[in-house]
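Throughout, residue positions are numbered sequentially from 1 according to the sequence presented.
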Amino acid sequence: MGESRFLSKLRAPSRVPLLGARGAQNGTTGRERSDQLSERVQRMLVTSLYAQPSSLAIGAIATVSAAIVSAWISGMTELYVAAAILTIIAVARVTAALGMSPDSENNSTASLEFVYEIGAFSFALALGCTAAFTILTGMQTQVEVLMVANALGYGIGVSARNAGRLTISIGQLGLTCVPIALACFWIGDIGFIALGVTILLLIPAMISIAKNIFNVLRDSIAAAETSRKLADKMQVLARTDVVTGLANRAGLNHAMVETMMGVDDTSQLALIWIDLDRFKEVNDLLGHPVGDRVLSEVAKRLSGVTPDGGTVARFGGDEFIVFCPIADRKQAEMIASEVHCEIMRPFRIDGERLEVRASLGVSLLPEHGKDADTLMQCADLALYHAKVGGRGQTCFFNSSMSRDLVRRREIEDELRAALQRDELSIFFQPIVDLETGKIKTFEALVRWFHPEKGELRPDEFIPVAEETGVIVTLGNWITAQAARIAATWPEEVTIAVNLSPLQIRAPGAALGIKNALREAGLDPKRLELEVTESLFVEDNHSTAAFIEELSEIGVRFALDDFGTGYSSLGYINSFPFSKIKVDRSFVSGAHVGRKSDAIIRAVAEMGNTLGMDIVAEGLETIEQVQAVKDAGCNLGQGYYFSRAVPDYLAAMLLAQEREQDERQASA
């Protein structure tokens, strides 16, 4: 896959721009961000006023109790009225503190502060005036001390408690202390004057302390807000892909978890896993900057076709995932189709026209799973089948894929063991000269006779071997075994071995062939390596080096299954092929007719002109043999001549030919 492999509503960073550009796009200036920060700090400072309403209640109970005791000692009606006023204000304040939640968005910062100010200033003024009244009326000393001490203690204590809002802190301190100081100066006695001066000096001292508390509190809150904002930004960055601006794996996981927590039994979701086919070639040929621009353009196109509430993520390399709510399976099919169409639209990068294909795997909730991990596994498996099926297509998950996967894993494990236990065998199918009827070549074909499952067909285990990399070991083993057996045949008989593209691209591929020839003692000219046309489409450079290195020592090459893949005369012109094998579909397929005859005739004429052998595969009847012979093919292969046989039967066929030649010679 390539950054193998081109998820209720979501609140994930699915379609946001790159974080570095978000501030500019929102038009947020540095001053505005500072103002927003100040507003949040102010909100938190005001919230501190409403913290622990129990302290308000305790302070109110203490001062109201002092007023009631003073009224009882003095017996003055005015003090009973003052106590009643203080009680009403205190109850109103505690009720407001309990009823107006600063956590509620319905309560604005200004309204919270205004309500608190009214209660705080009213209570402070009433308390200060009550204490001043006891001085002015010359009440008993114990009454004056009780009220003045309570008023001053309250003013000093509340100024520190409410330092989060300096205006309230200073206002309460002043409204409590100033009336007492004025009353002292009004009496004019030296002791009261000294008390008044002391109170006036106390006010700026407490204001300084309140300011210090306010600054520390404000700076701490601001620092906490800045840290929180930075943490949020880092979290978003950690969940965002830097190339495309989409969610990355972490962001995708976060979005999926949030979404899955909010779904109910009626919700339907689709997970589309997208893998860009052969995207590595874009990076290798045009460079990674161009590759990144292609990925960014793919991201924009995917975001454009993803329904509202969906998440688009870059899963890694050339893999993307679309996770979105759907109404039904039909909508999922439509979205997948739109995704395919958008990706396949040509790209224009720096004047270069690029075409990108993609394979898609789709899983659905709740049809294929009810949790994120299961959906991911199902989509991954569906994508695997889409790529195995020829790429450039969409596969929806079905339960048979799981069974196939289990089967493939069993085959993979057993194939490795089979190579060690010699359960594999090489069979040989003759390629016959249509003019003389003699065997010119044997094609080596691998057979697997499982001790428990019986014979396994090559189309069961060869694809698994290619997907898992076992094909390299298997291919080298086939070549070595075939070369060893061919060394015992007459020198004019050659051996043909099919090569997998993965085997050719493996490091030291040519060296493995040379070692097999050397150990078997087989002349390189007697070895033919059959390759398919898809090999040249996927990797031209390494293939050319491989063919050139072996051609230099005499190994010959044949183009297999000609006419079924990316047929191009350029391959025949560029590489030293000595043989072309016409695919069996032109000989014995369902659509055999005038067109197929014309194609065989054209290929044969071209091969004869270039001095190449033309092999017709799939010959089963004498009529087919005569038809391809008349069309110009000089070699034939198929059940008409012989099925693939073990090595001893191949040797017997060659012995029968020698005996026949000897009888003809003696006759």
Practice prompt. Go through the structure and list residues passing side-chain hydrogen bond (donor to acceptor under 3.5 Å, both in side chains) with T394, not counting sequence neighbours.
Written response: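 Scan of T394 (side-chain hydrogen bond (donor to acceptor under 3.5 Å, both in side chains), adjacent residues dropped) gives H340.
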
Does [X] reach the side chain of [Y], with side-chain heavy atoms less than 4.5 Å apart?
{"X": "L635", "Y": "T441", "result": "no"}
{"X": "K438", "Y": "E492", "result": "no"}
{"X": "L424", "Y": "L415", "result": "yes"}
{"X": "L527", "Y": "T494", "result": "no"}
{"X": "M606", "Y": "M612", "result": "no"}
{"X": "L529", "Y": "F546", "result": "yes"}
{"X": "M376", "Y": "L271", "result": "yes"}

Work out which heavy atom in [X] is nearest to a heavy atom in [Y]; give both atom names and the distance.
{"X": "L364", "Y": "A332", "value": "CD2-CB, 3.7 Å"}
{"X": "N498", "Y": "A444", "value": "ND2-O, 4.3 Å"}
{"X": "I343", "Y": "R301", "value": "O-NH1, 3.9 Å"}
{"X": "F397", "Y": "A382", "value": "N-CB, 3.8 Å"}

Worksheet item: Does a side-chain N-to-carboxylate-O contact under 4.0 Å join E528 and K440?
Response: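 Looking at K440 together with E528, the answer is no, because their closest N to O distance does not fall below 4.0 Å.
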
Item to complete: Enumerate the residue pairs fulfilling ring-ring contact (aromatic ring centres under 6.0 Å, His included) with a member in residues 615-659, sequence neighbours excluded, ordered by first and then second residue.
Response: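 Matches after skipping sequence neighbours: none remain.
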
Which donor-acceptor pairs under 3.5 Å do the side chains of residues 470-482 make with protein atoms, sequence neighbours left out?
residue	atom	partner	partner atom	Å
N476	OD1	Q503	NE2	3.4
N476	ND2	V472	O	3.3
T479	OG1	G475	O	3.0
Q481	OE1	R484	NH2	2.9

Worksheet item: So does R345 have more than 12 non-hydrogen atoms from other groups sitting under 6.0 Å from CZ?
Response: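 Yes, CZ of R345 has more than 12 neighbouring heavy atoms, counting only those of other groups under 6.0 Å.
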
Discussion item. Heavy-atom count check: over 12 atoms from other residues, nucleotides or ligands less than 6.0 Å from E455 CD?
Written reply: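 Atom CD in E455 is packed in, count exceeds 12.
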
Fill in: Verdict with supporting geometry, Q377 and D373, side-chain hydrogen bond (donor to acceptor under 3.5 Å, both in side chains)
CA-CA 6 Å; Q377 292 171 3; D373 290 340; over 6 Å; no

Item to complete: Identify which one of L434, V628, I600, I580 satisfies the side chain to side chain contact (heavy atoms under 4.5 Å, CB included) criterion when paired with I614.
Response: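 Between I614 and the candidates, side chain to side chain contact (heavy atoms under 4.5 Å, CB included) is satisfied uniquely by I580.
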
Item to complete: For the pair F428 and F442, name the ring-plane relationship: parallel under 30°, tilted 30 to 60°, perpendicular over 60°.
Response: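 Correct class here is perpendicular.
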
Discussion item. My understanding is that only one of Y384, F396, F315 makes a ring pair (Phe, Tyr, Trp, His ring centres under 6.0 Å) with W273; could you say which?
Written reply: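 Single pass found, and it is F315.
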
Discussion item. Distance check, rounded to the nearest 0.5 Å: E662 atom CD versus E659 atom CD?
Written reply: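 Taking CD in E662 and CD in E659, the distance rounds to 7.0 Å.
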
